[in-house]
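Okay, so here's the structure we're looking at.
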2 protein chains.
Amino acid sequence: MELTERKKKILRAIVDCYIQTAEPVGSKAIAAMPGMDVSSATIRNEMADLTEMGYLEQPHTSAGRIPSPAGYRLYVNELMEGYRLSIDETQSLNEAMELKLQEFDKVMTQVGKMVSNWTNLPAYAVTSRVGQLPTVKHFEILSADTGSFILVVMTNTETVKNKLIKLPLNIQEQDLKLLSAVLNASLTDLSAEQITPEILSKIRKSAGAAADLVPIIVDYTVRVLQEQQHSDVYLTGQMKLLGQPEYRDVEKAQEVLSTLDEEVIANLPAPTDGPVQILVGPENIAKELKDTSVVMTRFDIGDGMQGMIGVVGPTRMDYAQVTARLSYFAEGLGRMFGKNELPPAKEPDGGTE
Amino acid sequence: MELTERKKKILRAIVDCYIQTAEPVGSKAIAAMPGMDVSSATIRNEMADLTEMGYLEQPHTSAGRIPSPAGYRLYVNELMEGYRLSIDETQSLNEAMELKLQEFDKVMTQVGKMVSNWTNLPAYAVTSRVGQLPTVKHFEILSADTGSFILVVMTNTETVKNKLIKLPLNIQEQDLKLLSAVLNASLTDLSAEQITPEILSKIRKSAGAAADLVPIIVDYTVRVLQEQQHSDVYLTGQMKLLGQPEYRDVEKAQEVLSTLDEEVIANLPAPTDGPVQILVGPENIAKELKDTSVVMTRFDIGDGMQGMIGVVGPTRMDYAQVTARLSYFAEGLGRMFGKNELPPAKEPDGGTE
DNA sequence: AATTAGCACTCAGGGATGACGAGTGCTAAA
DNA sequence: TTTAGCACTCGTCATCCCTGAGTGCTAATT
């Protein structure tokens, strides 16, 4: 059977309608829509065809139709109309993106919350490193108070971490100089695995008065490096799922959310084709997610740092809207972190070029 | 009417039982408990008395009794038996507390998650500063790559923050030295409000080659200071609430959780009397939380940094257990951050004293 | 005086029943 | 090819009744 233009039009109308109402849609409702110039009986016939072709399903003999996974797939691939962010929306999004403090993990949690609020669905953000193993690029040790030192570790992934070390040692400025020289000489360009106990004791021997600081520093350094390899998952707004009619049943919501824990999310297949990828129902990994879809998009913020943001929702979700908003966020992230930062130019004459 | 020992014993049994089952408890069930040497009829009489005295309630004429708020209050104040953490529990808790990276906000989210997992309830963690306004104690600027600088800001609250600044400027080592000298001279001991545009332009004038860095740095500094004043709220495990029978109704769970948003939590009255405070039902702020209790405890980790951790749950929650676990976490936090850190002493001969 | 057994009473919960209505498929007419 | 008409299906909702757990009261017992 052929998929005529009219069939497509009807299918789209059905999916659109179902997305709004979450209830099986009947022939009469479709016939009543503006732009539909045929009677409900005709629609019925077409719907019967679409059902036969596998794009629609019938929950029971005498209910309306709901889109099948294949129907959704067709919808997101061909039928869906792009959702245009309204001016209001872009404004609010822009305001929201002006994050207070640009620490990366805080930003990720913030972005997660925002995506979740904007889509009214649970959202996740995954960060991951690509490229070479993280290594140390540079150490710096500053003395703070008596017995307090600040260790600053820079890695090749352009991350800078610091730690305040409080130890009842009295060390001279020159000892710290020596210590950082030794550290830089011995540990630069090493990855976490390459830092062996032998190296540690070697450093310790040459560290002079600051020898007791060495184990702490090395320990911290290794942790920083290890943490760089990890990908972090931020999952927020789980409760939003309860707002969706298909998850009014607590059991179901719990099932979905316990299946989609941070572990699983971290291992979701990264989107490859196109900016936004949509996983519809059974295409997903676990069979518990049968009625669940995942929409996700990649972001890339340079320095070997990239990740995904996405949302989880019922198969019947407003793909167009969600897609538009997700992409907007991903772009925004790229804009925020990817480029070199320019001063806010609060003063007149702010030229840095 | 007098509250005899036997009445107390019965009340305790009722609350204990209700905590387990979440269902109204009848006289027969109590009479059957070990240690109860009277018949169900006697229990019934006592229960009638307790109801009259306001400690019990009857959902309807012919159901068992449930504790009233007053009953809970009496229970947590006098009747509750201390829950002893089992060795298994303390061990697991200890393991869990060995957090990977000791950045403070990560630790807080981690602690939130752990508390939530251990109590099976939504948990929150609130941090707050006490004492003087945050001011800058020390600046340090390190040059990283060509055109990359690391700004390290230390505040009087013993916090150290850093930021990687990428600007296409080529600045010599000595310029940075000058810059940090100027910054330290001009901004030390100032709070966020005291950093005026005048000061900014003064610094800028004296900063020499690095003048273009100044606005960024000052901007960041102000943000760091402002952030220090904020109290952060970490709320996790909201979904746990759905596991509790009284919140199987989605509406109710949503209501409670939307009432108890981060805003509200941040403004919960800080516990004053004793280590753990319990807010039972109507004692709480909003009437939506009628059937909800909050158990919270303070922690104090020195350096003017303190906060609360707590859980939210049905009025019928296992107060004894929750209390014990919360205190344990609070203690652990104090232990982790309060004391000076000693090296892990992986090498033999690790004496730092 | 306190405790207990017995009994009538109450009421929420759960299954059965039936009316209702939205939606369908089919047929015949346009 | 489209449409009107009609019989049929089946989920939803309201109603009803039954069951059982639990109570309060009274009278007997210790």
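First the proteins, then the strands, lettered A, B, ... as listed; each starts at 1. These numbers come from a predicted model, not from an experiment.
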Just how far is it from atom [atom1] of [X] to atom [atom2] of [Y], taken to the nearest 0.5 Å?
X        : Y        : atom1 : atom2 : value
A:Asn117 : A:Lys240 : CG    : NZ    : 4.0 Å
A:Thr90  : A:Leu85  : OG1   : CG    : 6.5 Å
A:Met239 : A:Ser116 : CE    : OG    : 11.5 Å

Between B:Arg65 and D:dT23, is there a side-chain N or O to OP1/OP2 distance below 4.0 Å?
yes

Is it true that A:Tyr18 and A:Thr315 share a donor-acceptor pair across their side chains at a distance under 3.5 Å?
no

DNA chain C contacts among residues 26-50 of chain B, heavy-atom distance under 4.0 Å
B:Asp37, B:Val38, B:Ser39, B:Ala41, B:Thr42, B:Arg44, B:Asn45

B:Glu52 CD to D:dT23 C1': how many Å, rounded?
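Rounded to whole Å, this separation is 15 Å.
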
Applying the side chain to side chain contact (heavy atoms under 4.5 Å, CB included) criterion to [X], which one of [options] satisfies it?
X        : options                                : result
A:Tyr124 : A:Ile265, A:Val264, A:Thr236           : A:Ile265
A:Tyr319 : A:Val280, A:Val15, A:Val276            : A:Val280
B:Leu279 : B:Val294, B:Val312, B:Thr292, B:Val295 : B:Val294

Quick one, which residues of residues 6-24 of chain A touch DNA chain D with a heavy atom under 4.0 Å?
A:Arg6

With side chains defined as the heavy atoms from C-beta onward, is the minimum distance between [X] and [Y] less than 4.5 Å?
X        : Y        : answer
A:Ile30  : A:Glu46  : no
A:Lys252 : A:Asp291 : yes
A:Thr42  : A:Arg6   : yes
A:Leu74  : A:Leu79  : yes

side-chain hydrogen bond (donor to acceptor under 3.5 Å, both in side chains) involving B:Asn267 - partner list, sequence neighbours excluded:
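Applying side-chain hydrogen bond (donor to acceptor under 3.5 Å, both in side chains) to B:Asn267 gives none.
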
Provide a list of protein-nucleic acid N or O atom pairs under 3.5 angstrom, restricted to nucleotides 8-17 of chain C.
from: C:dT10; atom 1: O2; to: B:Ser62; atom 2: OG; distance (Å): 2.9
from: C:dC11; atom 1: OP1; to: B:Thr61; atom 2: OG1; distance (Å): 2.9

For nucleotides 13-15 of chain D, which of its nitrogen or oxygen atoms have a protein nitrogen or oxygen under 3.5 Å away, and what is each distance?
none

Which pairs with one or both residues in residues 52-73 of chain B pass salt bridge (charged side-chain N to carboxylate O under 4.0 Å, His left out), sequence neighbours excluded?
B:Arg73-B:Glu283

